[in-house]
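One structure below.
Hydrogens, waters and symmetry mates play no part in the numbers below; they use all other heavy atoms, side chains included.
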Amino acid sequence: MAESSKAANSQQKQNRIVDSVSEKAQEVLKEDYDKAKIATQDALRSRSYLYPIKGIFYFASHRTLWQPFISRLGPYVALSVSVIGGMFAFAYLPQLAVLVFVNGPLAVFTTVLLVLNESSAIINTVSRNWLLQDAILDTFDGTLVSRNATGIVSEGRELRSGNDPIKKLGKIIKSPFQSFTPKAIIRYLIHLPLNFIPVVGTGIFIVLQSRGRGQTVHDRYFQLKKWSASQKADWLAKHSGPYTAFGLVATLLEMIPLASMFFTYTNTVGAALWAADIESMNTSMTDETAPTLREKAKKAE
C-alpha cells in the first residue's frame with residue numbers, strides 16, 4: 001500500500017514537472033512568435049526589402065555612379081570565378097555526401113545553395129576588406145550626394161564643386177567602414193550545421209546570415225552621423241525587422257554567381273537611398289524614438 005502511494009506521488013511530481021516545462025516552452029514559443037510578428041510588421045511597414053531593388057534601378061539610371069564599379073570589375077570577376085569554381089570542385093561533393101543523409105534527393109539543391117552561400121561569404125570577406133572597400137565607400141557617399149545629402153557626407157570627407165557626385169568626393173576625413181572581425185567567421189561557422197536540418201535548416205541559415213548582413217549596411221551612415229556604439233545598438237535593436245528584410249534580399253541577390261559584384265554595388269546604392277530617406281524623415285522608421293529626432297530635440301533645447 002505504501003509503495004503504491006509512493007509511486008503515485010512520484011508520478012504526480014513527474015507530471016507537474018512535465019506540465020511546468022511544457023508551460024515554459026509555450027511561453028517561450030509565444031514570446032518568440034510575438035517578437036517575430038512585430039519584426040515582420042516593422043519590415044513590411046518600412047518597406048526596407050524594396051531598397052535593394054530600388055538600388056538596381058537607381059544604379060542603372062545614374063551612369064555617374066558606375067565609375068567605382070567599372071574600376072574593380074576585372075579583379076572581382078577573377079576572384080569570383082576562382083572562388084566559386086574552387087568551391088564546387090572541392091567542397092560540393094563532400095558536403096553533398098553528408099547532406100544526402102538528412103535531406104535525401106533535395107540534397108542536390110540544398111548543397112548548391114550551401115556552396116553558393118559559402119562562396120558568397122568568402123568573396124564578400126575578401127573583396128570588402130581588400131578589393132572593393134574604397135569603391136564601395138565612394139558608391140555609398142556618391143549616392144548620398146546624388147540625393148542632395150551633402151551635409152551629412154561632408155561630415156566624413158571633403159567635397160569638391162561640380163555636378164558629378166563621384167567626382168565631387170574628395171579626401172576622406174573619417175576612416176571607412178569598420179574592418180572585418182573574426183566574430184563574423186565564428187558566427188558563420190556556428191550557424192553552418194543548420195544546413196543538416198532538411199530544407200528548413202538551409203532557410204534558417206540564410207535568414208541568420210541575412211540578419212548579420214543587414215546590420216552592417218548602414219555602418220558608413222552611422223559613422224557619418226557620429227553615433228556612439230550604444231546609439232547604433234539601440235537603433236538596430238529597435239529596427240531589427242527592417243534590417244533583416246533588407247539583408248535577406250541583399251544576400252539572395254549576392255548569391256547569384258558572377259552577378260554578385262553588380263548586386264554588391266546596387267545593394268550599396270539601395271542602402272544609401274534608404275539612409276537618405278531616413279535622413280529626410282521620408283520613412284516610417286523615423287518616429288519619435290529615433291536617435292535623429294532625439295538629437296534634434298536636444299539641439300532645440
Can you name the nearest heavy-atom pair linking [X] to [Y], along with the distance?
| X | Y | value |
| --- | --- | --- |
| P68 | L65 | CD-O, 3.4 Å |
| F222 | K232 | CD1-CG, 3.6 Å |
| F140 | A275 | CZ-CB, 4.2 Å |
| V249 | P52 | CG1-CB, 3.7 Å |
| P242 | S48 | O-OG, 2.6 Å |
| I173 | S154 | CD1-O, 4.1 Å |

Can you tell me how far apart [atom1] ([X]) and [atom2] ([Y]) are? Round to the nearest 0.5 Å.
| X | Y | atom1 | atom2 | answer |
| --- | --- | --- | --- | --- |
| T251 | F263 | OG1 | CZ | 13.0 Å |
| L116 | Y92 | CG | OH | 10.0 Å |
| M255 | S260 | CE | OG | 11.0 Å |
| F69 | I166 | CZ | CD1 | 13.5 Å |
| L248 | R213 | CG | CZ | 11.5 Å |
| L194 | I206 | CG | CD1 | 11.0 Å |

Using a 3.5 Å distance criterion without hydrogens, assess whether the side chain of [X] forms a donor-acceptor pair with backbone atoms of [Y].
| X | Y | result |
| --- | --- | --- |
| S146 | T143 | yes |
| S240 | L236 | no |
| R160 | K167 | yes |

Between L159 and V145, is a side chain to side chain contact (heavy atoms under 4.5 Å, CB included) present by the stated rule, with each step listed?
CA-CA 9 Å; L159 292 177; V145 170; 4.2 Å; yes
Could you verify whether a donor N or O on one side chain and an acceptor N or O on the other, from [X] and [Y], lie under 3.5 Å apart?
| X | Y | answer |
| --- | --- | --- |
| N267 | Y51 | no |
| Q223 | E155 | no |
| N117 | Q209 | no |
| Y58 | T266 | no |
| D164 | T64 | no |

Evaluation steps, side chain to side chain contact (heavy atoms under 4.5 Å, CB included), between T264 and I123:
CA-CA 11 Å; T264 296; I123 293 168; over 6 Å; no
Are any of the side-chain nitrogens in E279 or R147 under 4.0 Å away from the carboxylate oxygens of its partner?
no
Do D138 and R157 sit within salt-bridge range, that is, some charged N less than 4.0 Å from a carboxylate O?
yes
Using the rule that Ile, Leu, Val, Met, Phe, Trp and Tyr join whenever any side-chain heavy atoms are under 4.5 Å apart, tell me whether [X] and [Y] fall into a single cluster.
| X | Y | answer |
| --- | --- | --- |
| V126 | F90 | no |
| V100 | F88 | no |
| L169 | I70 | yes |
| L93 | V112 | yes |
| Y76 | W130 | yes |

Steps toward side chain to side chain contact (heavy atoms under 4.5 Å, CB included) verdict (Y265, W66)
CA-CA 9 Å; Y265 278 86; W66 294 6; over 6 Å; no
So D141 and L224, side chain to side chain contact (heavy atoms under 4.5 Å, CB included) or not? Walk me through it.
CA-CA 10 Å; D141 289 354; L224 295 173; 4.1 Å; yes
Quick check: are there more than 12 heavy atoms from other residues, nucleotides or ligands sitting under 6.0 Å from CZ of R72?
yes
CZ/R63: more than 12 non-hydrogen atoms of other groups inside 6.0 Å:
no
Should [X] and [Y] count as side-chain neighbours, where that means a heavy-atom distance under 4.5 Å?
| X | Y | result |
| --- | --- | --- |
| K54 | W274 | no |
| L253 | I56 | yes |
| M87 | I122 | yes |
| T111 | V98 | no |

If the condition is side-chain contact (heavy atoms from CB on, under 4.5 Å), which residues does F57 pass it with, not counting sequence neighbours?
I53
Any chance the rings of W235 and Y221 have centres within less than 6.0 Å?
no
